[in-house]
Every structure is written in C-alpha cells, then in structure tokens.
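Residue numbers start from 1 in every chain, and the chains themselves are labelled A, B, ... in the order their sequence lines are given, proteins ahead of strands. Quick caveat, the model's predicted, so the values are computed rather than measured.
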Amino acid sequence: MISEVAGQYDAKEVEGRVRKFWEDRGIYALARTMRTGGRKFFFVDGPPYTTGRIHLGTAWNKIIKDSILRYRSMNGFEIKDRAGWDMHGLPIEVKVEEHLGFESKKDIETYGVDRFIDKCKEFALSQKDQMTEQFRTLGAWLNWEDPYMTLKDEYLEAAWWTLKRSDERGLLERGFRVVNWCPRCETAIADAEVEYWEETDPSVYVKFPIVGEEKTFMMIWTTTPWTIPANVGVAVHPDFEYSKVRAWKDDLDEAEILIIASPLVESVLREGRYKDYEVLDRFRGTELAGLEYEHPLADLIPAQREIVHKIHLADFVTAENTGSVHIAPGHGLEDFELGVAEGMEIFCPVGEDGRYTKEAGEKYAGKYVRAANGEVDEDLADRGLLLAEGEIVHRYGHCWRCKTPIIYIATPQWFLKISEIRDDMLDEIAKVKWYPDWAGSARFRDWISGARDWCISRQRYWGIPLPIWICRDCGKKEVIGSMEELRLRSGAVVEDLHRPAVDLVTIRCSCGGEMRRVPDVFDVWFDSAVASWATLNYPGDQEEIKEWWPADFITEGHDQTRGWFYSQLGASMVSFGVAPYRSVLMHGFTLDDKGKKMSKSIGNVVSPEEVVGKFGADTLRLYVLSSNAPWEDIHFSWDEVGNTNRMLNILWNAYRFPLPYMILDGFDPKRTTLDMVQESLRPEDRWILSRTNTLAAEVETSMGSYQLQRATRAIADFVLEDLSRWYIQLVRPRTWIETDDPDKLAAYATILEVMTTLAKILAPFAPFTAETIYQNLVRGTDPQALESVHLCNWQRPREELIDSTLEEEMALVREVVEAVSNARQKGGRKLRWPVAEVTISPKREIPELGGLLSVLKSQTNSKRVTVAAVGEMPEMEIALNPVPKKIGPAFKGEAQKVIEALKGADPLEARDRLIAGEFMLGPYAIAPDMVEFIEKIPENLVAADFSSGTVYVDVTLTEDLRAEGYAREIIRRIQDMRKEMDLRVEEKIEATIRLDDEVVRGLLERMRDHIAAEVRAARLEMGSDLQVRGFLVKEWSIEDLETTIAISRG
RNA sequence: GGGCCCGUAGCUUAGCAUGGUUGGAGCGCACGGCUGAUAACCGUGAGGUCACGCGUUCGAAUCGCGUCGGGCCCA
C-alpha cells in the first residue's frame, strides 16, 4: 500500500530513516555485489588527511564522488571504491606533541619513540572514525567497512615495493642537497608542504671588500642576513652593465668605490644616503667574473678564512636592488646549483635545529639563525660594511603544519630522480582524459615541466620507514620490498613495520658487515602516491591489480595538481612507467560569498554539519552539485542553499499531493498500468511522460562529461517548471473525480510513472529523497520490486515516450497562458472570472494546438480559444485624426471648421471614400494626406504579446460569465471555511449564504447545484434576510458586495 | 614575478568552444493573482557601462592584446 505523507519535507526525519534502512538492510553492499560481472570501474578515493573534522570542500569532494559512483553503479558498472585515509605525517605528530606538551624532537626521544608512535596511531584511528560518520551523514557511499589506511602493514609494503622498484630502475638517489627545512620539526619538507604568506624581514645592503683594491666594494642585497656567515660567492648577470662609482657623503676624502648594476646606482646610493658620486668605469657582468673579495665577517668565522670568495656569472640574477646576488650554496636552491656547477665549497654552518654550528665561529655558534639577523647586521655595521638596513614585507615560505618560517639548508637526503623521467611523464599525462581539458593540457603540464627531483626522506617518526639498509663497513645499499623479504634477509620477524621496531632490524652485508636502516621515514606525500595499487593490496595480492589497475577515475580539488595528481604520477612512473589513472576530474574550492577563502581567522567558515543541520544532506548535495561547474570555485551562499531546499520541498509537495486521493480510491498500480490506460491518456499526460524521458536523456548527456551542474539543474527545472507549476496544476481537477473514471486512472498511472522515473533520475544526486519516494510508490505497491532505488538500473530515456513536437506545442501553450494572464491583469479581470474568448494572433507559423486547446481553455479560464491565421488580427476599431499641417494651407480661414467636421465624420466611411478616390465633406474636398487613420483595439479586448505573436482576451462580461464568476467566488470562500474547520476532503456540509443584492442572487441561483456539488453541501440556502447560523460564520466582501456565509457539518 | 582558471542585475548564475534579431533565469524588492500541495504556489514590473581599456570585424558578453580584482599553484 502507498502511505499518505503528512506535512512538509523534513530532511532530518527522511534522511535518518533512509540511512537506517540502508544500514539495516545492507543496501550498499548489495548494490556493489549485484553488479559483479559488469564492466569494471576502478575508482581511487583521494585519502583525506585524518584531521578529525570534514570541511565544506571535503564534503563537496565526497558528494561528487558519490554521485558519480551511484550513477555508474546504476549503469551496471562493477565498482571498486575503497575509501582511503591518509594517516601518517607531521600534522598528527604535531597534534600529539601539542597534546603531550612537547617542544622538540628531544622530548619525543625522552618519552620513547614506541610510545609516541602508539599515540599517533591511536589518534589517527579515532579521527578516522569521527570523519567516517560525518561522510556517512552526507549519504556518501564508499567502501567504509574496508577502507585503505596508510598506516596498515600492507600499505607500508606497497610503499616499500615501490621504492625498491625505483631503485632497480636506477631512479633512487642519495644526495647532498639544499632542501626546505623546518627548524622546529627538524625535518626536510616537500615543496608541496611549504605555505607562503607575508612576512616582515630585514632588507640589508652589504659591502663586500674587493681584494687588493682599497675602499672598493661589491654591493649585494639580502633579506636573510643570517646567511651572510655562509657566503661563498657573489653572482652577477653576464649581460648586465655594471658601474664602478666613487660615492661620498660629507667628505670627499671619505669616498668609497662601489660596484653596482648601472641602472640601480642611484637607488642604491640613495639607500646609503650618499650625497654625490661619479662614475669611474662601466663594464659588462662577464668582466667581473673571477674577481676576488673578502668575506665581510672573516674575522669572526675561522672557516671563512680558508675559503676563496669570487664573483660568478648566473642567468637567474635580476636587475633589482644591486644587480648582484650573494651566494650561500648551503642555504639556497639556486645558490646550491650554482655552487656545484662552479666548484664552490658547500658551506652550511647551520644544524638541523636551525642554530649555527661551531663552524660558524664561537660568536654565532648555538644561536637560532633567524634571531641572529640583528646581530649579523650589527657586526657588519661595526666593520663599516653595512650600507643600509631596513625592512621589507614579502612572501616567505612556512612549514604548513607548525607555521614556522622555513630555512634552506644542505643535508643528505633521498631523492627520486623525477627530472630524468619528466618527458615520459608529459607523454603519459597526454593520454589521460582530463575534465576540464585545461586541467591537464595547461595546468598539470606546466607543473610537470618544472618538476624537480622529489626529496622523499623525512627525519621524523610517524611515517612509513624508508626500507633502505646501509652497510656500516662498505657503505653498500639495499632496498627491501616487503615484510617477507625483510624476514628472509634478516631472519627477524617484525610485528609492525613502523618505527622503532624496524630500526632494530639488521642485515648481514655481502662484505660481512652489518647493514642498518637509514633512520628516515617517507615524505607523507609518498604514502598517498601509491594508493592506486596499495588499495588493491599490491604487491601482497598479485591478482587484483591485473583486473583493475590503472584507475578509471579520480577526482580531487585543483590544489592536488601539485599534490596527489602529481605524487601518484611520480610514484607510478618510477615503478610502472605509466600513469596510474585514465581520467581525472579536477574540482574547485569552496569560497565564501565574496569569493574569499574560508578561514578561521576571518571567521567566514561554514561547516557541512551546519548546512546539513539546517537543511539536510540532500539539500547540501544538490546545492554544491548544481551551483557551479565542478571545476569552478563555489561561492557559498546561504540564499542559494535555501533555494535548493525550497526546490526539494516543492518536489516533496508534488510527490505527496496525489497520495490521499490514490489511497481513497484504493488505486493499485499493478492492476492499472500505464499500458492499460493508454487510450485514456490526455495530451498533457503524454507531455509530462515525454518531458520526464527528455530529462533522463539530458542528465545522461551531462553526466557523460561530468557536468554535474547541468544534470542537477535540469532536474530542478523539471521539478519546478514542468511538474509543479504545470502538470500538477493541470491534473488536479481530475483527482477530485469521485467515480472510477478512466480519465482519473490515467492521471494516477501517469503520476506514478513520472514519480518513479524521477526517483531513479534523482537517485545519484539526492539519494535520500529518491529512496523515500521509491519506497512508498514502488515498494509500497510491489513487494517484489528491487529493495532500493539504488539497486535499480539507470532509467534510460524511453524513446517511444518522447514526443518533441508535443513538447514544443506545450511550450507554446504555456507562453500563451502567461500572456493571457498578463492581459487579464491589464484588463483587471482576475483568473477566477471566466472570459468569453481568447484569440491567438501569431506573427509567424506556430505549432498546431489542436490537442492542447482544452488545456489552454482550462488554464486561461476562457469559454473559447481561437487561433487566427498568421498575421490576422481581430477586427480593429478605426479612429480618424485630422492633420492640421496639411489642412491649414489648403483651407486657410476655413481650416478650423474642416477639422471639426472631420472629427465628427465616420472613420470607416471616410476611409472607404478616400480609397474610392473622392471624399467630399460638405463643400470641402479632403485629400488623403489630410487625415490619418489609427487602428484601435476594441474596448472589450485586452492584448498581450508572447514570443510568436499576440493574444487578445475578450473581457466582456455576460450574465452567464458573471454567474460563474460569482459562483467561483462563493465556492472559494466556502472551501476556505471548510479548511478552517479542518474538514476531511469527503465530508459533507450544510451552508447558508446571506446576500442582499438581488441581481447577484439571481445569478447565483442558476449555479446553485454547481456550488453545492463543489463544496459538498447537502443543503444550501440563499437569501436576503436569512438567519445566518452555523458552526462557522464569516462575513466576506466579494468585489464590492457584502455577504455572510455560515457552514456546519452536514 | 610566472602558469592556469574566474569576473554578466543588490546576491547566485545561464549564454562564451561554432561572433548576428530587444543578454536569459532564480533569490531579494514592488505590485497583483491563486487558495482541496496552503507557515505553500503563480503572474507582472523595476533592476545590466556583460570588471575596465584598446584592437579584429559590417557586427563583440562571445575572438585577440593589455590593465584591475578574486582563486589555486609556483617563484
């Protein structure tokens, strides 16, 4: 049985009930297993980091995934969709450190690495559980029961295997490199982990004394004075022009000779507050190469006294500041590369904790570098080598987790040689299908083109240990690919591959020495990078990968261009040599209504829970899906969320409206199928069926290119425009028919077919609402039907039901109805009052409306609808206008009389005469140019335009029309009173109407039976001086007429 | 500083790949209608320098170049 649905759309109730149903009945698992054998669709979930709370962007991400997977599933695909969790790395270490009140790595060592690791694991797992629940609330169907987790041993093995493969292919390398370094976390961090924002730093101009030339200096500029102790060289651009200038302040004898790029001389001297200068020489940068200078702080730093400092050439030098760059190969990426190329010493007197080492000299040793900026400045000033100091606000990199400004230091690290396989990567991404196209062809391509070797080692604890063992005696390296391999090589059985247990495992080297694991762990980006095979339990399981890999589809936000899109590609290229995914949908970010990033500090963050709490998950889902193309950023708007909710509410009302009637009539869709009522279908029934199937086709097309916004907007338009505003209005009177009329049954069967199809179309996007409708309308009437709408096949558009001509005709009808209602408003005739005639006067060919004339009549409340031929209009009235400009010169003094006479003339006759060629008005001969004829719409007609013409509405009131109009006024008011009394639809009443106007009473008398029937009155009394008594008595004014109505239960 | 994307009514947006009759919607606002979906629903109206500038063209929201603003990524 179909159940009645009382009340408004209550998302919380609907969604809670549906979720329980899915869980109790294991619908998700059923949906997956029933598609076994279908075409395979391998989806890899980009694992969210286990932060504990999801935000709007994460919610959007999972909603996109869920909608696409539900759609795929309904289309018969066998889906692999393990949810994933990214659980290692610094963020969790930092959280646990905070929780334990730690400040440095030493605290962790003291506390015990094993206990620390346990805490991290525990923390990550609890965060995962919280987030799972939040995702489930959104209706996101992924395999939550058996997710892949980066902290599992199988997962660690996948990473190990990958590294072993890259080593076998010669792509793993140990290198001494300058890396981004977080001095707080005491670890290298990836480029992807550096966050840039504005920072105030010193801006200093320093004089480097040239060897053997008195008072002559090379000018450099830097924002990091702390790197000056590590200075080894200066770079100039080979093509720039440099000037040697003599500059002085007050005293010419105090003059100094400075070398500065020519265009920058004046600005540098201004910084140094010089009064005047003269140019001594000009030369190209190339001529400076090889020039020697003294380190400005050589007296403080013994090590610097051993180093020869020279000027070098480099293309990266820009014509800014002094046009010369101070080079500290131990503290800059370009510096390092230039240093290696030019054979400079890589001097790095800074330790992992960000403090100077003894190498920096006694004065600096032990000091934190960024805090030492001021001291370096002072020391330079003391030696007369500081030309100017100031401050600059610029973008500077920070550790993305602890927000500490990063430094660059040279350390030994492990690298994947991405630069060697860059071209292969570019070839591979060209084979991937990108949505939108530019995500791959422009954005990702650009990123790959600039990709450097990937530093995969981190000096931390909570991560996948690097499976690299090194012999202490001969230095030989061995990469272990699995737990089993480790056992075979070492004889040790390790319970958990994490640190610290794995650190204790030693291997016997072929040289007889002992091999120990390097203490590093993997960069956490490497974890998720191996997801596409780790989720298939490869290499532990060798079969799954053959069946599924590579991924058919992944989708993440555009920040993942440098993140997961890249890390996966890199890991896959070094191990398999091909891209790990076939298609990628890049989605946008959720911004606030102003288009600004949501951030806690601005306080403009909207959480998914907040939206779900107010409006429900289906509203949130439809909102994020329909608001933009997926690849554009969403400007979150509560107004639009409210709108989306309203649409669902209207859908809900449309869905529940016919139910009481169907129930009352005991309608059984199995006994009265659409096929059986074929003959009784009205044109509007065929129309809504056609529209429904056209909708299915539109959704299919849009989903083909992941245009989720088009799919969901088409659905919303259908619900609002076609279903609610039109079909429901048309079908209403038919549901009130009391007998077993075929017309009514046809309407029921149509509604049921439409709603059932709509539930299936809606299922991928608003799964809760769709399920609710399906359960009631389909399962409620057919217990044999599939248990859930999400088990159904996608509703392919039924071509035989699509009638595009009919759709065009109906579109025209709707336009005409709108125009008529416009005209009625102009003519002051409200819809409740019938009109005698509507004339459609098209200006171009319009579709035949034969079958839809009845719709037109009922919706315009008119007695007759006529369609005129193209260009034909109702007969117009003609008015005649004299033209004084012509009459004046012709008749002079008589002109006024002529004009008067013309005004009194019959326009029609005048026109006929003029056409005939002679028009005498008394004694006056009127020429054609003396008058003009104006066509006027007759008084009784009101006109309004529609796109292909004009409609004319005859608003003349006849007695019959007035009778009907008043009757409808009375009926409406009695209905209103019935409602007020809360009467059931089928209950009878007794009514008394007191009405003084005799004429109107006479009119109403003629409609007595009609009125009584409409309001279900067993007894209806009308008169002028009646005793008006009843359960409910109300006074009304209809137009300018006062009346009192009383009703009681009959 | 560089790459990519975006910028249309107060707000959210369609249209832009293939330039062509007065640039469509929804929300909000004003006025009106409907009243057996009713703490709903519908119509009409006002509201637009299509971010700005230059160019290509008979014709530009649409194509090109530049500027400004927003986003992501990089330096």
Side-chain angles (χ1 to χ4, degrees), chain A residues 5 7-9 191-192 194-196 316 318 320 333-334 394-395 397 436-447 449-452 557-563 565-566 586-597 623 626-629 631-644 646-647 649-661 709-710 713 716-717 720-721 723-726 728-729 732-733 735-736 817-826 828-833 859 861 944 968 971-976 978-979 983-986 1014-1016:
Chain A
V5 178
Q8 297 289 299
Y9 175 61
D191 290 342
V194 179
E195 274 186 7
Y196 290 83
F316 61 74
T318 57
E320 290 169 305
L333 304 175
E334 288 170 326
H394 65 156
R395 283 167 65 77
D437 189 58
W438 52 259
S441 61
R443 212 186 156 103
F444 196 45
R445 201 177 175 77
D446 178 60
W447 169 252
S449 308
R452 293 201 301 252
H558 43 50
D559 55 329
Q560 297 302 331
T561 304
R562 69 162 185 179
F565 297 160
Y566 172 68
M586 184 187 79
H587 68 74
F589 262 51
T590 46
L591 311 174
D592 75 2
D593 52 356
K594 310 252 179 334
K596 300 270 187 198
K597 203 159 138 169
Y623 168 66
S626 62
S627 113
N628 290 103
W631 44 86
E632 276 168 15
D633 293 344
I634 290 181
H635 292 195
F636 184 85
S637 152
W638 278 110
D639 275 1
E640 293 301 312
V641 176
N643 257 342
T644 309
R646 192 183 64 117
M647 188 280 287
N649 195 35
I650 291 172
L651 167 64
W652 189 258
N653 286 334
Y655 147 67
R656 75 192 175 106
F657 138 78
L659 303 183
Y661 306 103
Q709 86 286 13
R710 294 215 170 142
R713 283 175 186 177
D717 279 355
L720 295 175
E721 291 296 329
L723 188 61
S724 167
R725 286 179 200 162
W726 201 240
I728 296 289
Q729 304 308 329
R732 252 162 156 173
T735 62
W736 307 331
V817 171
E818 265 179 38
V820 168
S821 121
N822 189 352
R824 275 173 166 277
Q825 201 165 326
K826 286 187 206 164
R829 184 72 70 236
K830 46 187 177 180
L831 191 55
R832 210 178 293 144
W833 290 70
Q859 292 312 105
N861 193 16
R968 283 187 69 164
I971 290 166
R972 198 227 110 193
R973 283 162 178 83
I974 295 177
Q975 298 288 29
D976 204 62
R978 285 183 61 111
K979 179 130 226 129
L983 295 182
R984 272 176 292 117
V985 171
E986 68 276 14
E1014 285 289 309
V1015 303
R1016 295 185 186 242

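A/Leu720 has its CG atom 15 Å from the P atom of B/rA40, to the nearest Å. Rounded to whole Å, atom P of B/rU38 lies 17 Å from atom OH of A/Tyr9. Between the CG atom of A/Leu591 and the P atom of B/rU12 there is a distance of 11 Å, given to the nearest Å. A/Asp639 places its CG atom 10 Å from the P atom of B/rC29, with the value rounded to the nearest Å. Between A/Asn628 atom CG and B/rU13 atom P there is a gap of 5 Å when expressed in whole angstrom units. Between A/Ile971 atom CD1 and B/rC34 atom P the separation is 14 Å, expressed in whole Å. Here the P atom of nucleotide B/rC41 and the CD atom of A/Glu721 are 13 Å apart, to the nearest Å. Nucleotide B/rA14 holds its P atom 11 Å from the NE2 atom of A/His635, rounded to whole Å.
Under the Watson-Crick and G-U wobble criteria, each requiring two contacts below 3.5 Å, nucleotide B/rA30 is paired to B/rU44. Base pairing of B/rC50: no nucleotide in any strand meets the Watson-Crick or G-U wobble criterion (both distances under 3.5 Å). A 3.5 Å limit on both hydrogen-bonding distances identifies B/rG55 as the Watson-Crick or G-U partner of B/rC63. Judged by Watson-Crick or G-U wobble contacts below 3.5 Å, the nucleotide B/rG19 has no partner. The partner of B/rC68 is B/rG7, by the rule that a Watson-Crick or G-U pair needs both atom distances under 3.5 Å.
In terms of modelled atom types and a separation under 3.5 Å, the side chain of A/His587 and the main chain of A/Trp631 share no donor-acceptor contact. In this structure, the side chain of A/Arg713 engages the main chain of A/Ser627 through a donor-acceptor pair within 3.5 Å. Judged by distance alone, the side chain of A/Arg829 and the main-chain N or O of A/Arg824 form no donor-acceptor pair under 3.5 Å. Under a 3.5 Å cut-off, the side chain of A/Tyr623 and the backbone N or O of A/Ser637 do form a donor-acceptor pair. Between the side chain of A/Asp633 and the backbone N or O of A/Phe589 there is at least one donor-acceptor pair closer than 3.5 Å. A/Arg968 places no side-chain N or O within donor-acceptor distance of the main-chain N or O of A/Trp833, the cut-off being under 3.5 Å. No donor-acceptor pair closer than 3.5 Å links the side chain of A/Gln859 to the backbone N or O of A/Gln729.
If you check B/rU35, B/rU12, B/rG43 against the side chain of A/Glu818, the one that comes closest is B/rG43. Comparing B/rC5, B/rG71, B/rU38 by their closest approach to the side chain of A/Asp633 singles out B/rG71. Residue A/Asn653 has its side chain nearest to B/rA40 when only B/rU35, B/rC4, B/rA40 are considered. Relative to the side chain of A/Ile650, the nucleotides B/rC41, B/rC72, B/rU12 differ in distance, and B/rC41 lies closest. The side chain of A/Arg452 sits closest to B/rA75 out of B/rA75, B/rU35, B/rU12.
At least one side-chain nitrogen or oxygen of A/Arg710 sits closer than 4.0 Å to the OP1 or OP2 atom of B/rG15. Between A/Asn643 and B/rU12, a side-chain N or O to OP1/OP2 separation shorter than 4.0 Å is absent. The side chain of A/Arg646 places an N or O atom within less than 4.0 Å of a non-bridging phosphate oxygen (OP1 or OP2) of B/rC41.
Atom C1' of B/rC27 sits at a distance of 12 Å from the matching atom of B/rA9, rounded to the whole Å. Taking atom C1' in both B/rC58 and B/rG1, the straight-line distance is 42 Å, to the nearest Å. Across B/rG43 and B/rC52, the matching P atoms stand 32 Å from one another, rounded to whole Å. Taking the C1' atom of each, B/rG64 and B/rG19 are spaced 13 Å apart, rounded to whole Å. Nucleotides B/rA39 and B/rC6 have their C1' atoms positioned 40 Å apart, rounded to a whole Å. Annotation: B/rU18 and B/rU62 have their P atoms spaced 14 Å apart (nearest Å). Spacing between B/rA60 and B/rU56 at atom C1', rounded to whole Å, works out to 10 Å. Comparing B/rG15 with B/rG55, their P atoms are spaced 29 Å from each other, to the whole Å.
Residue-level contact check: A/Gln729 touches the bases, meaning some heavy atom is under 4.0 Å from a base atom. Base engagement by A/Ile728 is indicated by at least one non-hydrogen atom pair under 4.0 Å involving a base atom. Note on A/Asp717: nothing from the nucleic acid sits closer than 4.0 angstrom, heavy atoms only. Residue-level contact check: A/Ser724 touches the bases, meaning some heavy atom is under 4.0 Å from a base atom. Using a 4.0 Å heavy-atom distance criterion, A/Gln975 is classed as a base contact. Base engagement by A/Glu1014 is indicated by at least one non-hydrogen atom pair under 4.0 Å involving a base atom. Heavy atoms of A/Arg713 sit under 4.0 angstrom from primed sugar atoms or phosphate atoms, though from no base atom. Residue contacts shown for A/Ala442 are limited to sugar-phosphate atoms, with no base heavy atom under 4.0 Å away.
Donor-acceptor pairing under 3.5 Å, judged by distance alone, is present between the side chain of A/Glu640 and the base of B/rG26. Between the side chain of A/Arg443 and the base of B/rC72, at least one donor-acceptor pair of N or O atoms lies under 3.5 Å.
Residue-to-nucleotide proximity on RNA chain B shows that, of A/Ser627 and A/Thr561, the 5′-proximal contact is made by A/Ser627. Each of A/Ser821 and A/Arg656 was assigned the nucleotide of RNA chain B with the nearest heavy atom; the assignment lying further toward the 5' end belongs to A/Arg656.
B/rA17 adopts a syn glycosidic conformation, its chi angle falling within 90° of 0.
Aromatic pair A/Phe444/A/Trp447: centroids not less than 6.0 angstrom apart.
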Note to self: For a side chain to side chain contact (heavy atoms under 4.5 Å, CB included) check, start with the C-alpha distance between A/Thr735 and A/Phe657, then their side-chain angles and the critical distance, and finish with the verdict.
What the structure shows: CA-CA 10 Å; A/Thr735 62; A/Phe657 138 78; 4.0 Å; yes
